[in-house]
Amino acid sequence: MKDLGPLNYFLGISITRTPGSLFLSQKKYANEILTKAGLSSSNSCTTPVDTKQKLSLSSGSPYHDPFEYRSLAGALQYLTLTRPDISYAVHQVCLFMHAPRTQHMAAIKRILRYVKGTLDYGLHLTASSLDSLVSYTDADWGGCPDTRRSTSGYCVFLGDNLISWSAKRQPTLSHSSAEAEYRGVANVVSETCWIRNLLLELHLPIRKSTFVYCDNVSVVYLSGNPVQHQRTKHIEMDIHFVREKVSRGEVRVLHVPSRHQIADIFTKGLPQILFEDFRSSLNVHPPPVSTTGVC
């Protein structure tokens, strides 16, 4: 092993250091994707996904070059390492890699045009206390037009910094919005338990309960109420798992108004103003302004 000095570039991710913070960016990698797709001189787009469009297996006609589609979709997956704001859009196009169609390719081009307009953006990490874990979770009930499965999304903050996020279609069908939301809660509770154990091994134990914010009142009620309901029998394992963590004091499930539900950005297309607000909450910003040489 040898000391290579301060970290500034690793696996396509550039790291810019400022007093008290790090800025992670994949600008060079994003430029390469745009060149590969022939969109270097295209117009930019304000959001990565349409608020109304729902892609399906029958959207448009079969795309003439499936290899190109899979290559671009795979490249965008790696870009989400520093761009959580495109996670939902990328997840949607990756669902159709086995049989891409023209509208699916149009969705990829929209993502790329959004990336072009936000090429300088990246993930900010700032000096922050490590004594709290806060997570947000949401689910788009029955959002898939082909299977009616729901899409779960969550984000986890350690102190003020985003450290984990996900946008993923649920493997089973939910009979109600409460079921879909509760499965999302179980997913993020599982993730935060893993993070807590990791921090414990690093001798940085989290003493406080993990706050899990959900915008579904029924889910908040179910997480602490020991009474079973007929409509919850399909998610009994998830319910017992979350309640066990709640009873131990490791987790608290709390309600948050939909307007402040950051995890919405991982489950659906949002209007521009709301999207930009949530993007900022994820600490995805332009690079810090350099003051080098300024008097």
Side-chain angles (χ1 to χ4, degrees), residues 6-27 29-30 48 76-91 118 121-139 151-168 184-215 242 245 250-254 256 260-267 275 277-288:
L7 179 65
N8 54 59
Y9 195 80
F10 181 73
L11 296 179
I13 302 174
S14 67
I15 297 90
T16 303
R17 293 175 177 268
T18 58
S21 69
L22 295 175
F23 176 69
L24 311 183
S25 172
Q26 291 173 281
K27 180 178 179 180
Y29 178 71
L76 284 170
Q77 278 187 308
Y78 189 68
L79 187 59
T80 60
L81 287 178
T82 60
R83 296 296 302 271
D85 51 323
I86 64 171
S87 293
Y88 170 71
V90 172
H91 165 69
T118 56
Y121 281 55
L123 186 64
H124 282 257
L125 301 176
T126 59
S128 172
S129 64
L130 303 178
D131 63 347
S132 65
L133 272 178
V134 177
S135 59
Y136 294 81
T137 178
D138 189 41
T151 298
S152 294
Y154 67 74
C155 53
V156 182
F157 292 85
L158 176 59
D160 297 328
N161 296 308
L162 179 67
I163 61 169
S164 179
W165 59 89
S166 171
K168 188 176 182 181
V185 169
N187 286 338
V188 76
V189 169
S190 178
E191 176 73 4
T192 56
C193 287
W194 181 85
I195 293 173
R196 291 174 71 101
N197 288 334
L198 174 62
L199 291 171
L200 183 62
E201 292 181 9
L202 296 174
H203 303 287
L204 294 169
I206 300 291
R207 306 294 184 186
K208 300 178 181 178
S209 299
T210 298
F211 288 174
V212 177
Y213 287 102
C214 175
D215 60 5
V242 174
K245 300 302 178 183
E250 297 178 18
V251 171
R252 290 183 62 190
V253 181
L254 304 172
V256 64
H260 304 292
Q261 176 54 281
I262 303 173
D264 270 358
I265 201 172
F266 298 106
T267 61
F275 176 82
D277 185 21
F278 287 167
R279 180 181 65 191
S280 179
S281 298
L282 296 176
N283 296 328
V284 177
H285 303 288

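- With rounding to the nearest 0.5 angstrom, the CD1 atom of I13 is 4.5 Å from the OH atom of Y78.
- Side-chain N or O atoms of H124 include one that pairs as donor or acceptor with a backbone N or O of P286 at under 3.5 Å.
- In this structure, V242 and A186 approach most closely via the heavy-atom pair CG2-CA, 3.9 Å.
- Ring-plane geometry between Y213 and Y136 is classed as parallel, the angle between the planes falling under 30 degrees on a 0 to 90 degree scale with a further cut at 60.
- Taking both residues in full, the closest heavy atoms of S152 and G184 are given as OG-CA, 3.9 Å, listed atom of the first, atom of the second, then distance.
- Between T210 and the options E250, K245, E191, R196, a side-chain hydrogen bond (donor to acceptor under 3.5 Å, both in side chains) holds for only R196.
- Pairing each heavy atom of C214 with each of Q261, the nearest pair is CA-NE2, 3.6 Å.
- Within the 4.5 Å cutoff, the side chain of P84 has heavy atoms near those of the F266 side chain.
- In Y9, the OH atom is crowded: over 12 heavy atoms of neighbouring residues, nucleotides or ligands sit closer than 6.0 Å.
- Annotation for R252: atom CZ does not count as buried by contact number, only 12 or fewer foreign heavy atoms lying within 6.0 Å.
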Go through the steps to decide whether V185 and V253 satisfy the test side chain to side chain contact (heavy atoms under 4.5 Å, CB included), and finish with yes or no. CA-CA 8 Å; V185 169; V253 181; 4.3 Å; yes
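- Here the CG atom belonging to N161 is positioned 5.0 Å from the CG atom belonging to L125, to the nearest 0.5 angstrom.
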Do I265 and Y88 pass the side chain to side chain contact (heavy atoms under 4.5 Å, CB included) test, and can you show the C-alpha distance, the side-chain angles, and the key distance before you say yes or no? CA-CA 7 Å; I265 201 172; Y88 170 71; over 6 Å; no
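- You'll find the side chain of T16 stays beyond 4.5 Å of the side chain of S25, heavy atoms only.
- Here the straight-line distance linking atom OG1 of T137 with atom CG of D264 works out to 10.5 Å at 0.5 Å rounding.
- None of I163, L158, I206, L200 except one satisfies the side-chain contact (heavy atoms from CB on, under 4.5 Å) rule with I195; the exception is I163.
- Using modelled atom types, no side-chain atom of N283 and backbone atom of T126 make a donor-acceptor pair closer than 3.5 Å.
- L133 CG to S164 OG: the interatomic distance, rounded to the nearest 0.5 Å, is 10.0 Å.
- Under the 4.5 Å side-chain criterion, counting only non-hydrogen atoms from C-beta, P48 is in contact with F275.
- Atom OH of Y154 and atom OG of S135 lie 9.5 Å apart (nearest 0.5 Å).
- Between T151 and K168 the shortest side-chain heavy-atom distance does not fall below 4.5 Å.
- At a threshold of 4.5 Å between non-hydrogen side-chain atoms, the residues V188 and W165 do not count as touching.
- Put simply, the side chain of T192 gets close to the backbone of V189: a donor and an acceptor are under 3.5 Å apart.
- Two residues are said to be in side-chain contact when any heavy atoms from C-beta on lie closer than 4.5 Å; H260 and S281 fail this criterion.
- A donor-acceptor pair is defined here as one N or O able to donate and one able to accept, closer than 3.5 Å; such a pair exists between the side chain of T80 and the backbone of Q77.
- The closest side-chain donor-acceptor pair between D138 and T267 falls under 3.5 angstrom.
- Taking a cutoff of 4.0 Å between a charged side-chain nitrogen and a carboxylate oxygen, D131 and R207 do not qualify as a salt bridge.
- Considering all non-hydrogen atoms of both residues, G159 and S128 come closest at CA-OG, 3.5 Å.
- Inspection of the T118 and R83 side chains reveals an N or O donor paired with an N or O acceptor under 3.5 Å.
- Between the CG atom of L7 and the CD1 atom of I15 there is a distance of 4.0 Å, given to the nearest 0.5 Å.
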